[in-house]
Each structure stands twice: as structure tokens, then as C-alpha cells.
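Here the structure comes first, spelled out in C-alpha cells, and everything after it is commentary.
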Amino acid sequence: MPNRFEAKVAIVTGGARGQGEQIVRTLAREGCSVVIGDVLDDQGKAVADDLGASVVYTRLDVTDPTDWAQAVAVATSTFGGLDVLVNNAAIYRRQLLEDETVADLDKILAVNLHGPFLGIQAVIPAMRARCGGAIVNVSSLAGTTSYPAHGSYSMSKWALRGLTRTAAIELAPSNIRVNAVLPGNIRTDMSPTTGSADTPTGLKRQADPQETANTVVFLASDDASFVNGTDVIADGGSLLG
Ligand SMILES: NC(=O)c1ccc[n+]([C@@H]2O[C@H](COP(=O)([O-])OP(=O)(O)OC[C@H]3O[C@@H](n4cnc5c(N)ncnc54)[C@H](O)[C@@H]3O)[C@@H](O)[C@H]2O)c1
């Protein structure tokens, strides 16, 4: 088993379930110490308990700057520093534009866009103290195209790619890489479909969360040391038409 993250420390938001849980488990398997940040306390604690002392859970509502400061403090006080941030947490809702209110839009933007923005701000000092780091923002295929009733979600995921590029430019002098992953349809609680035959992907199936987690973990690792400010699409080929 590779040990790409030995002596490294990560914060993974939305790590209590779904793709985030698989990111946590994969990082831990590869030697990383991990802080799971989520609002699902029982599920987050259960994942941490299952993985032993190298993984801890802290309540982190990504919309709250105080929670972010606390999560970074947990990483540095428990594990001695911080090298990786995975902005994975998000919420999803299907709604036609004509039915959507500004309040609906703001709820999505608060988690999916303000969350990663606050997270990046919060981790910069700790990563600079380690002379570098890696940030992976989980966007979506809806961040490079869109679908009916995906207005606010799609806006949030497109904007996250802009944040990714700006952060990559500004943080490159600090040796902090920032990239985005654009997954296609993943089999999780969030996923709009549970079947596989009706997905339009070239591979004609949903992703197992481990498959897209692997892409995130690659970008977080030193194997991606020259990959910066870009998007990696992990969609099984659905954009091929
Ligand atoms: N499932 C898909 O088909 C799909 C496709 C493309 C992209 N994505 C993206 O992948 C990522 C993971 O999604 P998933 O499919 O595992 O969904 P999920 O709903 O299973 O997991 C999302 C996690 O984020 C957490 N979360 C929500 N609001 C939060 C908040 N305010 N603070 C902290 N945590 C919060 C949830 O509690 C949950 O643990 C998301 O960014 C999502 O947009 C998913």
C-alpha cells in the first residue's frame, strides 16, 4: 500500500459520509492524520472511531469562520500542523430558476462557495508554517455544464472553479497548490439518481465514491506536485456525448 501521506495532516469537510468519507478513509490508509469536519456529528464520530487515533472528528459548519478557526486549531494541536485541505462539503437541491428565491440561492452559495472560501482563508497560515500544502476543491460536472433545475448548485460549482484559479495564483508563491475535481454522478445520498442504466456517462454507470475520492487524493498528494490551478474531470466520459 502506498504511504504518500506519511507525516501529513489533512482537513476533509463533509467527511462524515459519501465521497468525503472515502477521501478520509483513503488518506488514512496512506498514512495521513485527518480531521473530519462536518455537521453530522454522530456519523463523523463513527468514521473517526473506526479509523483510530490518526483520525478525529470536529464539528465544522463550513459557513462559520469560528468553526474553521477551531478545525485548524484541532489539526495543529492534535497532529502538529496542516498540509492538506479538501473542500468536499456541499448541499444540493433541484429547483427550476423560475421557482427559486434569492434566499434559496444564498443557502446553496453559503455552503458550496463561501465554505471553501472561508476554508482557504483559514488554512493559509498553517500551510505557510509547513512551507507549502495542497487544497482540493470538489466542484462538479455542473461546474462546467448544467442541467435542468440545477441553477443555484451549478452557479456555486462554476464559481468554485474561479475561486480555485485565484487561490492557485495567489498561493503559488507559498508553495500551496490549489486544484478542483469535477465529478460526474456518484452513488451517494446526494446523487439525483440511484440507478445506473439511466446515467448518460460514457461508462454508462454512476461512480463508486471511492473512484472519485481517488482523484481527489491524487491531487492532494505529492504525485500531483506539478498540477496546479486546474480542473480534473472524473465523470466516466459523459462529456464525450
Ligand atoms: N453525488 C454526486 O453525484 C456528485 C456529483 C458531482 C459532485 N459532487 C460533489 O461531491 C461532494 C460530496 O458529495 P456527496 O455526493 O458525498 O454528498 P453527501 O450529501 O453524501 O455528502 C455531503 C457532506 O457534506 C456535509 N455538509 C453539508 N453541509 C455542510 C456544512 N454546512 N458544513 C459542513 N459539512 C456539511 C454533509 O453533512 C455530508 O456529510 C460535494 O461537493 C458534491 O457537490 C457530488
Side-chain angles (χ1 to χ4, degrees), residues 11-26 35-48 57-68 70-71 85-94 106-119 122 135-147 150 152-161 163-164 179-196 198-201 203 205-217 219 231-236 238-239:
I11 294 176
V12 179
T13 70
R17 72 178 192 193
Q19 177 183 250
E21 177 182 347
Q22 296 313 313
I23 294 167
V24 170
R25 290 183 179 280
T26 307
V35 176
I36 300 172
D38 207 304
V39 291
L40 296 176
D41 296 337
D42 291 345
Q43 280 173 263
K45 279 179 198 152
V47 174
Y57 173 80
T58 189
R59 186 178 180 84
L60 166 58
D61 179 341
V62 296
T63 68
D64 185 341
T66 310
D67 281 7
W68 272 111
Q70 170 69 13
L85 168 65
V86 181
N87 279 313
N88 166 80
I91 55 174
Y92 169 83
R93 190 190 52 248
R94 294 170 79 96
D106 284 347
K107 273 187 207 154
I108 296 257
L109 293 180
V111 178
N112 298 9
L113 184 60
H114 298 192
F117 165 74
L118 292 170
I135 298 172
V136 184
N137 296 324
V138 179
S139 176
S140 168
L141 215 54
T144 192
T145 179
S146 195
Y147 309 95
H150 275 63
S152 53
Y153 182 77
S154 185
M155 279 186 258
S156 72
K157 295 298 191 179
W158 274 86
L160 184 55
R161 293 173 58 210
L163 172 62
T164 300
N179 291 290
V181 174
L182 280 59
N185 195 325
I186 315 166
R187 194 171 55 251
T188 67
D189 290 340
M190 177 185 285
S191 184
T193 55
T194 51
S196 56
D198 57 345
T199 58
T201 65
L203 294 178
R205 61 177 176 81
Q206 291 181 291
D208 182 279
Q210 181 69 68
E211 294 179 282
T212 46
N214 289 342
T215 308
V216 172
V217 170
L219 287 172
D231 306 309
V232 175
I233 294 175
D235 73 329
S238 67
L239 290 181

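One-based numbering, in listed order, for ligands and for the atoms of each. Here, residue 1 is the first one in the sequence, and each next residue gets the next number.
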Yes or no: does [X] have any heavy atom under 4.0 Å from an atom of ligand 1?
| X | result |
| --- | --- |
| Glu21 | no |
| Leu40 | yes |
| Gly15 | no |

>> Checking Tyr153 against Met190 for the side chain to side chain contact (heavy atoms under 4.5 Å, CB included) test, could you report, in this order, the C-alpha distance in whole Å, the side-chain angles of both residues, the deciding distance, and whether it holds?
In response: CA-CA 12 Å; Tyr153 182 77; Met190 177 185 285; 4.1 Å; yes
> Do you know which of Thr215, Leu141, Val181 makes side-chain contact (heavy atoms from CB on, under 4.5 Å) with Ile233?
Replying inline: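 So the option named by the test is Leu141.
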What atoms of ligand 1 come closer than 4.0 angstrom to any heavy atom of [X]?
| X | answer |
| --- | --- |
| Ser139 | 7 (C), 9 (C) |
| Asp61 | 30 (C), 31 (N), 32 (N) |
| Asn185 | 3 (O) |
| Gln19 | 10 (O), 11 (C), 12 (C), 16 (O) |
| Gly18 | 16 (O), 20 (O) |

>> For ligand 1, which is the ligand I care about here, please tell me if Ala89 has any N or O atom under 3.5 Å from one of the ligand's N or O atoms.
In response: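 No.
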>> Please check whether Thr63 reaches ligand 1 - meaning an N/O of the residue sits under 3.5 Å from an N/O of the ligand, judged on distance alone.
In response: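 N/O-N/O distance below 3.5 Å does not exist for this pair.
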Going by heavy-atom distance to [atom], choose the closest among [options].
| atom | options | answer |
| --- | --- | --- |
| atom 28 (N) of ligand 1 | Leu60, Ile91, Asp189 | Ile91 |
| atom 13 (O) of ligand 1 | Gln206, Met190, Arg187 | Met190 |
| atom 5 (C) of ligand 1 | Gly184, Ser140, Ala207 | Gly184 |
| atom 25 (C) of ligand 1 | Val12, Val111, Asp38 | Asp38 |

> For Val217 and Ile23, what are the C-alpha separation, side-chain angles and deciding distance, and is it a side chain to side chain contact (heavy atoms under 4.5 Å, CB included)?
Replying inline: CA-CA 7 Å; Val217 170; Ile23 294 167; 4.2 Å; yes
>> Please evaluate residues Arg59 and Asp67 with respect to the criterion salt bridge (charged side-chain N to carboxylate O under 4.0 Å, His left out), reporting the C-alpha separation (whole Å), side-chain torsions for both, the decisive distance (0.1 Å), and the verdict.
In response: CA-CA 7 Å; Arg59 186 178 180 84; Asp67 281 7; 5.3 Å; no
Less than 3.5 Å apart, any donor N or O on the side chain of [X] or [Y] sitting next to an acceptor on the other?
| X | Y | result |
| --- | --- | --- |
| Asp38 | Tyr57 | no |
| Gln70 | Thr58 | no |
| Gln19 | Thr188 | no |

> Using a heavy-atom cut-off of under 4.0 Å, does the side chain or the backbone of Thr188 touch ligand 1, or both, or neither?
Replying inline: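 Only the side chain of Thr188 comes within reach of ligand 1.
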>> At under 4.0 Å between heavy atoms, is it the side chain or the backbone of Tyr153 that contacts ligand 1, or both, or neither?
In response: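 Side chain only; the backbone of Tyr153 stays clear of ligand 1.
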>> Between the side chains of Glu211 and Arg205, is the shortest nitrogen-to-carboxylate-oxygen separation below 4.0 Å, so that they form an ion pair?
In response: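 Counted as a salt bridge, because a side-chain N and a carboxylate O are separated by less than 4.0 Å.
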>> Run Ile36 and Val47 through side chain to side chain contact (heavy atoms under 4.5 Å, CB included) and show every step you take.
In response: CA-CA 9 Å; Ile36 300 172; Val47 174; 3.7 Å; yes
>> Between Asn137 and Asn179, does the side chain to side chain contact (heavy atoms under 4.5 Å, CB included) criterion hold? Intermediate values first, please.
In response: CA-CA 6 Å; Asn137 296 324; Asn179 291 290; over 6 Å; no
